[in-house]
Amino acid sequence: MRKKNCTLGISSGNTDEMVKYVYLPREIVIDILTRLPAKVVGQCKCICKHWRTLIEDPMFAELHHNRAKCRPDSCYLLISFSPAINFDKIDFFAVGYEGGSAQRLLTFPTQAEGWYHIRHIKQSVNGLICGYLTKPRTIFIVNPTTKEVVTLPRSSMPTGNCPYSFHHRKPSSTIDKEVIVAFDLKDEKFRVIPLPEGPSVMPRLRELGGHLAACEDYPENVPEEVWILEDYENWVWVKVIITPPRDFDIADGFLTNGAIQTGDILLHTPPESCSFPTSVGIYYYDWKKSSVRRIDITGLPLSEFIDPRGNARIGKMKVSDCTENLFSLRGI
């Protein structure tokens, strides 16, 4: 079957001149459009029905996302933010890798009944965010690029403390060591991944530059050890030592929140440690050069972060690397 070509109208800008039409193969149009920022691609959907159908194809979204990883303007920091009072919403903000003023993307009403019920906002994976509320028990998916949010159907199966994402299993009567239980989506089989030896290995799992990593959310010992699984076939773990900068308030620890597209590890202090009333400090750790640099983020509603009534209650904040993804959550 012959593939349909696309029509482009080309004009010199003079409305009195005849518009010339050029017929381009479908492959060339896809190659051009998948190299554009998501906002521009969204505008291109309005040109014609054929382009709209082409852009909404899941294969187009996948190719666009893979190319977005190589475009600096398509990768950014995503910040999820919940206020200290009510906890009835989660705001999502975006800011560039070099910091500056954060821009609000969307607000998700949670209907949560308390601070502790906004349980988890997970690390971004392929430009999507997964969140978990304990009451009402809800798992939701957010696409910051399309500003879509879907709530997954409730399962009749007990979720325990591992409703989704990475998890590890503590020693039991049948397993005498801590291990990672992984489910291969391709083969639909479970397998066990051994953790590296050593008392310092804390199985809080992250994704760092396409590799699985084991670390601790709030390390008691500084510098912190992060173990990166570099060889999945032979289970070879590589240890990385993170030495935070001097101005870190290490009394409350710090969070290791994955890595950005440059390979630098993303670090920030927990919300209660932030001592800047108008900005939040984020750190990039270059583990190959053992160097740290800081960026400042403004534009966040930090006044909502602390309970003005004087209660020991604060909001929740999570910072994660994110890449544009045009995949639509409709129909999930």
Side-chain angles (χ1 to χ4, degrees), residues 68-72 74-80 93-100 102 120-130 144 165-168 180 193 195-196 198 200-232 236-271 273-274 276 279-297 317-323:
K69 297 176 183 179
C70 302
R71 292 196 305 268
S74 297
C75 304
Y76 57 93
L77 297 180
L78 181 71
I79 304 169
S80 60
F93 295 82
V95 68
Y97 279 169
E98 297 306 314
H120 295 293
I121 298 293
K122 288 296 182 181
Q123 180 183 355
S124 173
V125 176
N126 292 330
L128 305 179
I129 293 287
C130 187
S165 190
F166 297 126
H167 198 57
H168 75 288
I180 299 169
I193 302 175
L195 282 164
S200 62
V201 176
M202 301 299 294
R204 175 67 65 180
L205 304 181
R206 294 286 186 264
E207 185 267 330
L208 293 178
H211 295 274
L212 181 65
C215 61
E216 185 179 6
D217 258 348
Y218 298 94
E220 297 179 358
N221 300 317
V222 178
E224 182 192 12
E225 294 181 358
V226 176
W227 290 83
I228 300 176
L229 183 59
E230 288 204 339
D231 187 340
Y232 281 81
V236 176
W237 294 83
V238 175
K239 182 170 67 173
V240 175
I241 302 297
I242 295 181
T243 303
R246 294 180 179 180
D247 57 347
F248 247 60
D249 187 355
I250 59 177
D252 293 308
F254 58 89
L255 297 171
T256 303
N257 282 350
I260 61 176
Q261 293 300 318
T262 61
D264 291 349
I265 297 176
L266 180 62
L267 307 173
H268 76 86
T269 53
S273 299
C274 295
F276 302 92
S279 66
V280 173
I282 303 297
Y283 294 85
Y284 296 137
Y285 183 84
D286 187 332
W287 59 279
K288 294 182 179 179
K289 297 181 180 179
S290 299
S291 61
V292 179
R293 68 185 183 95
R294 170 184 170 133
I295 65 166
D296 288 301
I297 300 174
M317 183 178 71
K318 180 69 176 288
V319 182
S320 178
D321 177 60
C322 196
T323 303

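The analysis underlying the following values was restricted to heavy atoms, covering all of them including side chains, and did not include hydrogens, waters or symmetry mates.
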Just verifying a value: how many Å separate [X] [atom1] and [Y] [atom2], rounded to the nearest 0.5 Å?
X    : Y    : atom1 : atom2 : answer
E98  : R293 : CD    : CZ    : 4.5 Å
W237 : H211 : CH2   : NE2   : 11.5 Å
L78  : D321 : CG    : CG    : 9.5 Å
L212 : I180 : CG    : CD1   : 4.5 Å
C322 : L128 : SG    : CG    : 7.5 Å
I260 : I282 : CD1   : CD1   : 11.0 Å

Does any non-hydrogen side-chain atom of [Y] lie less than 4.5 Å from one of [X]?
X    : Y    : result
L208 : V240 : no
Y76  : V95  : no
L267 : V292 : no
K69  : N126 : yes
L266 : L77  : yes
E207 : V125 : no

Any donor-acceptor pair under 3.5 Å from Y97 side chain to P72 backbone: no

All side-chain hydrogen bond (donor to acceptor under 3.5 Å, both in side chains) counterparts of S124, not counting sequence neighbours: none

Show the nearest heavy-atom pair for residues [X] and [Y], with the distance to one decimal.
X    : Y    : answer
C75  : A68  : SG-O, 3.4 Å
G99  : I295 : N-CD1, 3.7 Å
Y232 : G210 : OH-O, 4.1 Å

